[in-house]
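Here is the structure we will look at, set down as structure tokens.
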Protein chains: 2
Amino acid sequence: MTPRILDEAALQAREEHIIDEAIKLIALLGIENLTMDKVVAKVPYSKGTVYKHFIGKEDLLLAISNRAVKLLSGLFLRAFQFEGCTRERMLLSNFSYLLYAILYPELFQTEICAKAPNVIGKSSEARIKEQEKLEIKLMGAIFGIVEEAIADKSLLLPEYMDIQQLCFANWSMAYGTIALLSGEVEQCSGRTNLIVERELFNQCNLLFDGLQWKPLTKEKKHCSELRKTIEQVYPNELMLIKEKGRELNF
Amino acid sequence: MTPRILDEAALQAREEHIIDEAIKLIALLGIENLTMDKVVAKVPYSKGTVYKHFIGKEDLLLAISNRAVKLLSGLFLRAFQFEGCTRERMLLSNFSYLLYAILYPELFQTEICAKAPNVIGKSSEARIKEQEKLEIKLMGAIFGIVEEAIADKSLLLPEYMDIQQLCFANWSMAYGTIALLSGEVEQCSGRTNLIVERELFNQCNLLFDGLQWKPLTKEKKHCSELRKTIEQVYPNELMLIKEKGRELNF
DNA sequence: CCTTAAAGTGACGAAACGTCACTGACGATT
DNA sequence: AATCGTCAGTGACGTTTCGTCACTTTAAGG
């Protein structure tokens, strides 16, 4: 008869704190060396309390992935809101994905890991629901750009594709490029002199030109223009990358 | 003063046997549930002997990945040797990658895992050297097709790309598509009605058309033609896929 | 100040990793 | 044939990590 009152906000804050520390540990030790014991040691709560928030290691990973998706959503939204042509904004969104992968490799990696059936299978129902909600929001920004492009006739949807397929084509292209080149993969043989930002730019242009997405590359100036746009839309992110000792080669 | 004679072939056979059993375990339990203890239990050798072959779990994973690359090389070679135009053969090689991913999901997954810095870092020098050699061979088949295409003028290399970049563009496109759709990733939201073989076909055509790789899609018939080619070049693989209860939707 | 239900704790058993001191098989030597 | 030296082979063990659960603490209501 004494229903102890829980401070919902404090609980939420504690969860965020645990996630923060876990992310720091991943950045420091690598995702494969993240252990619940280490997280518990980093945090002023006991193991039992941590396990109250996350039913297991996989659930924690999914929570980190959800955090990552939130962050990425913010970047995508800024690309969506940029005042420019649709093709430019689509290119920009792909580059915001790259900025994110460079800036938070540990989040990028965790996001991928968290998609494994194994991880999803061991996560809590609530966390999975949250993930779905976040991903729908993420897709929304991209969907919006494509719809606009079709509406203003700068893009003609091929008769054999729908909007979802087109979005997927763009996503898998960007994902493949970034995943293989942004540092997660140890030097694949012959990977010499492939620079992720340049390859991503090429791939985007190839895809968009293949789709006849106006204005075509020939009509546009070189990538120095993209650089300026990125500086304008993502000044902080560029700064942080510079602080990391990494420089975008354009 | 007693140099015991080692039967090199027997040693090699034992190693292959251990790898076989490990692959079976991955197929059965998932890569995340593969343990050295389970491998040792499956095999008529003691833990110490297994560790003579593989300095640790990661080394075993890389060995499995190398096995996978060998298998894939064989498939690529058949695409290379097919008597058809270069564009057709390039398409075919991407589809052989898909066949492999569908037929041996555990190998596809292990191959990706084995590229993680963590795994490479804990593997033996010899195994890493072997990996490099195998990957160079793998790239060779693809490189060959592109060089031929340039030579016979069906493909004009864009001035801002070299052959390596073009090969990478194709690879990352195929990799991204297959990785995201071939079952490794649990249902991403909105992934409904994306069928990997159809999307891969679309993506290839978009990329090749973007590159102006002749003959362009408009000049060609539909994907039923691709189906026939696959049936001709990879009859066994198609059979095995059918036996798995999976059917290619063309 | 007591009661009580929930929050919080950390010792513990199980599972996996990789090691190392020991065993014994086999070729060389006498 | 007897003996020796070496190294492949063995598996028990120490360590790390996971996730649980029996117990302790906390605080609201009486």
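Throughout, protein chains are lettered first and strands after them, A, B, ... in sequence-line order, and every chain is numbered starting at 1.
- At whole-Å resolution of the value, NZ in B/Lys122 and P in C/dT19 are 11 Å apart.
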Sugar-phosphate atoms are those with a prime plus P, OP1 and OP2; base atoms are the rest. Using that split, label each nucleotide of nucleotides 9-17 of chain C B, S or - for protein heavy atoms under 4.0 Å, 5' to 3'.
BBB----BB
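- In this structure, NE2 of B/His53 is placed 16 Å from P of C/dG18, rounded to the nearest angstrom.
- Taking atom CG of A/Leu60 as the reference point, atom P of D/dG19 lies 10 Å away to the nearest angstrom.
- Across the protein-nucleic acid pair, A/Ile18 atom CD1 and C/dG8 atom P stand 10 Å apart, rounded to whole Å.
- For the residue pair A/Glu111/A/Tyr100, the side-chain donor-acceptor check at 3.5 Å is satisfied.
- Shown here is B/Lys244, whose NZ atom has more than 12 heavy atoms of other residues, nucleotides or ligands within 6.0 Å.
- Atoms CG (B/Leu11) and C1' (D/dC7) sit 12 Å apart, rounded to a whole Å.
- Counting to the nearest Å, the P atom of D/dC18 and the CG atom of A/Asp59 are 14 Å from each other.
- In this view, B/Gln203 and A/Ser172, B/Thr177 satisfy the side-chain hydrogen bond (donor to acceptor under 3.5 Å, both in side chains) rule, not counting sequence neighbours.
- Taking each heavy atom of B/Ala179 and A/Tyr175 in turn, the nearest pair found is CB-CE2, 4.3 Å.
- Remark: the A/Asn66 side chain and the A/Glu130 side chain contain an N/O donor-acceptor pair separated by less than 3.5 Å.
- Here side-chain hydrogen bond (donor to acceptor under 3.5 Å, both in side chains) pairs that include residues 9-29 of chain A, with residues two or more places apart or in two chains, are A/Gln12-A/Glu16, A/Arg14-A/His53, A/Glu15-A/His53, A/Glu15-A/Arg127, A/Glu16-A/Arg67, A/His17-A/Tyr45, A/Asp20-A/Arg67, A/Glu21-A/Lys24.
- Rounded to an integer number of Å, the gap from B/Arg14 CZ to D/dT10 C1' is 12 Å.
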